[in-house]
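Note sheet for the following structure.
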Number of protein chains: 2
Amino acid sequence: MPPGPGPGTPPRPATIKDVAAAAGVSRQTVTRAVNAMPGINDATRERVLAAARELGYRPSRFGRGLVVPPTRTLGLLVEDLTNPYYPELASAVLRLAAQAGWNVVLAERAWAADAAPAERFGAEVDAVVNFTARPVPGRSDGLAELPLVEIDPENRESAQGRVDLDMSAAVVAAVAHLHERGVRRPVVLDLPHGSTRAAAFVAAFADRGTSARRAPTATTDLAGGLATAERVLREVPDVDALVAFNDVTGFGVLRALRLAGVDVPGRVRVLGIDGLAIGSFVTPRLTTLALDVPLVARTALEVVLALHAGTLAPGEPGTHRRIPYRLDVGEST
Amino acid sequence: MPPGPGPGTPPRPATIKDVAAAAGVSRQTVTRAVNAMPGINDATRERVLAAARELGYRPSRFGRGLVVPPTRTLGLLVEDLTNPYYPELASAVLRLAAQAGWNVVLAERAWAADAAPAERFGAEVDAVVNFTARPVPGRSDGLAELPLVEIDPENRESAQGRVDLDMSAAVVAAVAHLHERGVRRPVVLDLPHGSTRAAAFVAAFADRGTSARRAPTATTDLAGGLATAERVLREVPDVDALVAFNDVTGFGVLRALRLAGVDVPGRVRVLGIDGLAIGSFVTPRLTTLALDVPLVARTALEVVLALHAGTLAPGEPGTHRRIPYRLDVGEST
DNA sequence: GAAGGGGCCGTGAACGTTCACGACGCGAGC
DNA sequence: GCTCGCGTCGTGAACGTTCACGGCCCCTTC
């Protein structure tokens, strides 16, 4: 056999023309065979399919997408799938999107490092839902942005659509709940530089005549919650409630209290924020500010699909939605 | 203004020709402006970009994919993202795939109901990793299958590539560990119809002269573990170890023991299977059979990319990989 | 003043697929 | 025998983009 790229094994993927040539028919006949269309003899169909299998032919989604109404693809951007906060929403989005006939390409925020993944992502997608602390980087080319909905963009401005997660009413309810159970010396875990959610709790306690202390936590993961809770126990021995920064932090708090032999909720009551499904995994089950995650997913998808379809323009009412947290009483308070 | 589709708002998405016409230039000039290519006057570039923004133009990924080397897309199929077993692997796959320049479209197994999502998925993807109990349905057209790697396909046959998860050595190690700590009356949670993993544990205990009882659990979630553990405590009061069917079941077992006031690991030792990262959330931290999840992801990706590139053919050695579990000792044993 | 060169821009072709339409052969019907 | 119709198959065009190439204009240079 001769060296070099002979006709034996072309590295180039087989195209419809190759199949047509191999089967001795025309492109259109190959199309008819592959797409199970009528108007083709059974014998030729078999012959064509055999040739297609032989060549490993698979129709190019690009060539096809150019002609037929293409399947739409949604880009979903999350912070970190390892954080149990995100898979719940991702799952809900996946299901609803599939129902609407959309595919979903998922990406974790690798944006930070280099722009390559962002570019790639942005070029392969018809609309974006961003569930990330950072904004989506604008296009490096000077083009129109693609339909974008941000979930819980905090105080950051987002031009197109947004789904705000409103904690205010739930915070009041949670504080009322704690206060009724006799909490008078609460400590609220906070970020080192302060946070809106901690401020909301402090304010709500103040409305009831109770002053809440803040305890900055270096990290908001399990280790952070654990370390901060241990510190609080030393510095504020008579603490009777701990408000965690989120559920995962809350798990760390629970562990610290367990290790210290402190009864929950007997001596210290613990409140989480997130309402994670895995909250039910720990004992005692965490009282938390929960979110109707499927509703969040449904709302975000609704807005972004409307933006894509053009039935909703970036400025219009309806592009900014608001979903309240609710108090979900578990066993830890 | 006249009714009908006037030139004001064409529902059809703007194409490069529209931009060219609006800016009074040619297609190629639009390409140069949009792709930041040299050989174009700054003034015209601005004019073109303005027109593009005005028309809401975004280049079609199909038209582009036809010409330039297209970005590849991997389809990742998982059972249920809500089950904490899957996000860890999904996350690892996402990162490695992004590193290799691939996008990932994720899908939960909605295959069951109708074939529509499967068709859509299959047509938009260059290769598939299946991490699901069921096999991927073959193509309805008679074409060649696309590159496919199955993770832990149990006893099911898979033609192309597979990554087997091997529990045998870890089971022996775990049983040795338990036995050394004095376990003599273990109970192994099992599926109603039996399972290979439960059988492996029973056999390993038998090798050490200890007979393990089996306790069928209706479901393998938290509630199932809880209910089964409660039943075991009643029926086998002197049980000194419980082997859960997986980690989530193990969390239910821990909760049941906690509620019953049984000390872990003092009186009863608990073993999980999965090595979930969230295992560190519960107290005591679960001893478990853990998996190097990033390694699984890396291996699966390696095989499927090689299959796609053609450097590996379905039958060859190297398409079937084997990754062992290892014993991860926590606090529950 | 003519030749040369650089900056800027446009024209045909190609990528792989499907749609609309036309062509061919064969049997039935008048 | 001629036409009609049906079953089967092929040919041009189009989708939206980029690549290779060629053309124009103006400025520089000898």
Side-chain angles (χ1 to χ4, degrees), chain A residues 10-49 51-52 55-73 119 122-124 126 141 143-144 146, chain B residues 10-49 51-52 55-73 119 122-124 126 141 143-144 146:
Chain A
R12 172 181 57 86
T15 167
I16 197 173
K17 282 185 187 171
D18 301 327
V19 179
V25 296
S26 72
R27 306 186 316 262
Q28 183 61 19
T29 301
V30 176
T31 293
R32 282 189 267 256
V34 166
N35 296 2
M37 300 170 72
I40 181 178
N41 193 317
D42 283 344
T44 30
R45 164 173 295 136
E46 272 316 311
R47 189 157 43 94
V48 169
L49 288 181
L55 294 177
Y57 166 74
R58 284 183 306 110
S60 153
R61 64 168 175 280
F62 298 103
R64 173 173 284 169
L66 218 47
V67 181
V68 301
T71 74
R72 300 300 179 179
T73 302
E119 300 284 347
E124 291 295 318
D126 300 296
D141 47 28
L143 294 187
L146 34 76
Chain B
R12 172 181 56 85
T15 165
I16 197 174
K17 282 186 188 171
D18 302 327
V19 179
V25 295
S26 72
R27 306 183 317 259
Q28 183 61 19
T29 300
V30 176
T31 294
R32 281 189 266 255
V34 165
N35 296 2
M37 300 170 72
I40 180 176
N41 191 318
D42 282 344
T44 30
R45 184 195 308 275
E46 274 314 312
R47 188 158 45 94
V48 169
L49 289 181
L55 295 176
Y57 167 73
R58 284 184 305 109
S60 153
R61 66 167 174 279
F62 297 104
R64 172 174 286 169
L66 218 46
V67 181
V68 302
T71 73
R72 299 300 180 179
T73 303
E119 300 284 349
E124 291 294 319
D126 300 297
D141 47 27
L143 294 186
L146 34 76

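FYI, side chains are in, hydrogens and waters are out, and symmetry mates aren't considered; it's all heavy atoms of this structure. Chain letters run A, B, ... following the sequence lines, proteins first and then strands; every chain starts at 1. Keep in mind that what you see is a predicted model, and the values were worked out from it rather than measured.
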Would you mind telling me which of D/dT17, C/dC9, D/dC9 lies closest to the side-chain atoms of B/Arg64?
-> D/dT17

Hey, is the side chain of B/Thr15 poking within less than 4.0 Å of OP1 or OP2 on D/dC15, counting only N and O atoms?
-> no

Tell me: CD1 of B/Ile40 to C1' of D/dC24, nearest whole Å?
-> 17 Å

Return yes if the base of D/dT11 and the side-chain atoms of A/Arg27 contain a donor-acceptor N/O pair under 3.5 Å, otherwise no.
-> no

Rounded distance in Å - CG (B/Asp42) to C1' (C/dC9) = 15 Å

How do B/Leu66 and B/Arg47 order along DNA chain C: which one's closest nucleotide is nearer the 5' end?
-> B/Arg47

Value for OG1 (A/Thr15) from OH (A/Tyr57), rounded to nearest 0.5 Å, stands at 6.5 Å

Measure from CD on A/Gln28 to C1' on D/dC9 and round the result to the nearest Å.
-> 9 Å

Can you tell me how far P of C/dC8 sits from CZ of B/Arg45, to the nearest Å?
-> 10 Å

Report the distance from atom NZ of A/Lys17 to atom C1' of C/dC15, rounded to the nearest whole Å.
-> 9 Å

Against the side chain of A/Asn41, the closest entry in D/dT18, C/dC9, D/dT8 is D/dT8

What is the distance, rounded to the nearest whole Å, between atom CZ of B/Arg61 and atom C1' of D/dG16?
-> 13 Å

Take the protein atom CD1 of B/Ile16 and the nucleotide atom C1' of D/dT18, then report the distance between them rounded to whole Å.
-> 8 Å

NA contact type, B/Ser60, heavy-atom cut-off 4.0 Å: base, sugar-phosphate, or nothing?
-> sugar-phosphate

Spacing of A/Phe62 atom CZ relative to D/dG16 atom C1', expressed in whole Å = 13 Å

Is A/Arg32 side chain donor-acceptor paired with the D/dG10 base, going by distance under 3.5 Å alone?
-> yes

What does A/Thr29 touch in the nucleic acid at a heavy-atom separation under 4.0 angstrom: a base, only the sugar-phosphate, or nothing?
-> sugar-phosphate

Report yes if some heavy atom in the side chain of B/Leu49 is under 4.5 Å from a heavy atom in the side chain of B/Arg45; otherwise report no.
-> yes

Derivation and outcome, side-chain contact (heavy atoms from CB on, under 4.5 Å), residues B/Leu146 and B/Asp126 | CA-CA 7 Å; B/Leu146 34 76; B/Asp126 300 297; over 6 Å; no

Would you indicate whether the side-chain heavy atoms of B/Arg32 and B/Thr44 approach each other to under 4.5 Å?
-> no

Exercise: identify the closest heavy-atom pair between A/Thr31 and A/Ile16 = OG1-CD1, 3.4 Å

